[in-house]
Amino acid sequence: MTRNLSFWLMKSEPYKYSWDDLKRDGSTYWDGVRNYGARNNLKAMKKEDLSFYYHSNEGKEIVGISKVIKEFYQDPTTDDDRWVVVEIEPIKDMKTPVSLAMVKADAALSGMALVTQARLSVQPVTRSEFKRVLSMGNTSL
DNA sequence: GCCAACGTTGGC
DNA sequence: GCCAACGTTGGC
């Protein structure tokens, strides 16, 4: 974590596309975002940025860290040119997954979008939040 | 440009 | 399965 990276968090329901699915595939394009806020975050992502992988509905925990390998382009699953995807690849498992309950219980993370904007599926994460979650997950890069 | 109706997300 | 939160749509 030496360069000027930005940090993110992306949500997926594990029965639709899980962290294990991403590891199996090696990389994927992040399709299906149909919300302007989340779309704007996708557009702001730069190559090499890091993103937590969060399992919503089932698990409700941050399970891994992925890296942006290709910046945004038109979502190939729709003709509507408002929507975009980025490509990511898995970098590392969280040694200990960090649950939503742990995030909510931690004062240092009270401002995380995961708590304050629960429905946003692609969220910015600050550097301090990123480091804090890594620490809580006994994980280093 | 307001706002009511509607649809979706996602925690519980 | 329920429902609160909130984003989107469309009538006016």
What N/O pairs connect the protein and nucleotides 3-8 of chain B at under 3.5 Å? Give each pair on its own line.
from, atom 1, to, atom 2, distance (Å)
B/dT8, O2, A/Arg119, NH2, 2.9

Which residues in residues 29-45 of chain A have a heavy atom closer than 4.0 Å to any atom of DNA chain B?
none
Which residues, if any, of residues 104-118 of chain A bring a heavy atom under 4.0 Å of DNA chain C?
none
Do NZ/NE/NH1/NH2 and the carboxylate oxygens of [X] and [Y] come within less than 4.0 Å?
X: A/Arg132; Y: A/Asp106; result: yes
X: A/Asp21; Y: A/Arg24; result: yes
X: A/Asp80; Y: A/Arg34; result: no

How close or far is atom [atom2] of [N] from atom [atom1] of [X], stated in whole angstroms?
X: A/Glu58; N: B/dG11; atom1: CD; atom2: P; result: 11 Å
X: A/Glu61; N: B/dG10; atom1: CD; atom2: P; result: 16 Å
X: A/Glu13; N: B/dG11; atom1: CD; atom2: C1'; result: 12 Å

Hey, does A/Pro124 have a side-chain heavy atom less than 4.5 Å from the side chain of A/Asn41?
yes
Between A/Phe72 and A/Trp30, ring centroids under 6.0 Å
no
Assert yes or no for the condition that the ring centre distance of A/Phe130 to A/Phe52 is strictly below 6.0 Å.
yes
A/Lys11 side chain N/O closer than 4.0 Å to the phosphate oxygens (OP1, OP2) of B/dG10?
yes
May I ask you to evaluate whether A/Tyr15 reaches the phosphate of B/dG10, defined as a side-chain N or O under 4.0 Å from OP1 or OP2?
no
For side chain to side chain donor-acceptor pair (under 3.5 Å), just list the numbers for A/Asp81 and A/Gln74, CA-CA rounded to whole Å, side-chain angles, deciding distance to a tenth of an Å, and then say yes or no.
CA-CA 6 Å; A/Asp81 63 10; A/Gln74 161 83 40; over 6 Å; no
Please lay out, stage by stage, how A/Lys46 and A/Glu71 fare under the test side chain to side chain contact (heavy atoms under 4.5 Å, CB included).
CA-CA 6 Å; A/Lys46 298 298 182 190; A/Glu71 293 174 17; 3.7 Å; yes
Side chain to side chain contact (heavy atoms under 4.5 Å, CB included), that's the test. Do A/Asp49 and A/Trp8 meet it? Break it down for me.
CA-CA 8 Å; A/Asp49 281 358; A/Trp8 309 95; 3.1 Å; yes
So, A/Gln123 and A/Tyr54: side-chain donor and acceptor under 3.5 Å apart, yes or no?
no
Ignoring hydrogens and geometry beyond distance, is a side-chain donor-acceptor pair present between A/Asp31 and A/Trp83 at under 3.5 Å?
no
